[in-house]
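This one's a predicted model, so the numbers in the text were calculated from it and none came from an experiment.
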Amino acid sequence: MTMLIRDEVAIRQGDAEIVTSRAQLSELADKLYFLDLAFRSDARDVVEALCSQD
């Protein structure tokens with residue numbers, strides 16, 4: 001993880017890199033959490049969890 005400029009963060013692993021603003025980190029973290037669930041759980045559980053979010 002690297003701070004690029006005052007409000008941007010780069011997250012790098014191998015050849016993949018995600019650049020986001022600090023304001024978007026919470027939203028990105030939520031999406032990554034559910035993506036992780038999709039790879040670990042039954043897809044139906046993930047769809048139900050996503051549909052129950054506001």
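We find the CG-CD distance between L25 and E8 to be 11.0 Å, quoted to the nearest 0.5 Å. How far CD of Q13 is from CD1 of I18: 9.5 Å, rounded to the nearest 0.5 Å. Going from atom CD1 of I11 over to atom CG of L32 covers 7.5 Å, rounded to the nearest 0.5 Å. To the nearest 0.5 Å, atom OG of residue S26 and atom NZ of residue K31 are 12.0 Å apart.
Put simply, the side chain of V19 does not reach to within 4.5 Å of the side chain of V9, judged on heavy atoms.
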